[in-house]
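Step one of this worksheet: look at the structure below.
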Amino acid sequence: MKKIEAIIRKSVFEDVTEALHAVGIDFFTYWDVTGVGNEKTGNMIFRATVYETRLIERRVISFVCRDKFVESATDAIIKAARTGELGDGKIFISTVDESVRIRTGEKGPESLYIKE
């Protein structure tokens with residue numbers, strides 16, 4: 001089992017959600033984050049409001065899946081989230097040693113809500 005965490009632009013969240021559903025990833029957690037990027041410019045003015053361009057609003061998506069879904073899930077995220085511009089985000093993949101469904105006590109990959 002693998003844990004996939006993707007940091008993406010908030011503007012592409014719906015596209016990424018649809019892409020993940022299309023490859024069978026229907027359950028994930030997400031939250032809004034703000035970070036400092038590699039961009040060196042300072043402020044941008046839009047409609048008489050000054051925005052700090054180094055502070056980037058992002059959304060983190062996190063889910064655990066069976067090993068066989070890792071490639072299709074990451075490919076879906078990349079395809080849906082890529083704009084080609086600086087700041088498209090990152091995907092992190094880590095190994096999960098164990099998983100337990102609290103309701104039933106099922107362990108391992110069987111405890112995940114991933115379609116076969």
Name of the residue among Trp31, Tyr30, Phe92 meeting side chain to side chain contact (heavy atoms under 4.5 Å, CB included) with Ser62: Trp31
Do [X] and [Y] sit in one hydrophobic cluster, given that two such residues count as connected whenever their side-chain heavy atoms are within less than 4.5 Å of each other, even indirectly?
X: Val96; Y: Val60; value: no
X: Val12; Y: Phe63; value: yes
X: Ile78; Y: Ile8; value: yes

With sequence neighbours excluded, residues passing salt bridge (charged side-chain N to carboxylate O under 4.0 Å, His left out) with Glu18: none
Separation between CG of Asp15 and CD1 of Ile77, rounded to the nearest 0.5 Å: 13.0 Å
Distance (rounded to the nearest 0.5 Å) between Met1 CE and Asp67 CG: 8.5 Å
Of the non-hydrogen atoms in [X] and [Y], which two are nearest, and what is the gap between them?
X: Ala81; Y: Val16; result: CB-CG2, 3.9 Å
X: Leu20; Y: Ala73; result: CD2-O, 3.9 Å
X: Lys107; Y: Glu110; result: O-OE1, 3.2 Å
X: Thr74; Y: Glu71; result: OG1-O, 3.1 Å
X: Cys65; Y: Ile4; result: SG-CD1, 3.9 Å

Short side-chain donor-acceptor distance under 3.5 Å, Lys2 and Thr95: yes
Distance-only side-chain donor-acceptor flag, Glu85 / Thr83, under 3.5 Å: no
Sub-4.5 Å side-chain heavy-atom contact between Leu112 and Ser99: yes
Main-chain N/O of Ile61 paired to Glu5 side chain as donor or acceptor, under 3.5 Å: no
Parallel, tilted or perpendicular: rings of Phe13 and Phe28 (30°, 60°): perpendicular
Test side chain to side chain contact (heavy atoms under 4.5 Å, CB included) applied to Arg58 and Arg9, step by step: CA-CA 5 Å; Arg58 297 284 182 247; Arg9 297 173 185 269; 3.5 Å; yes
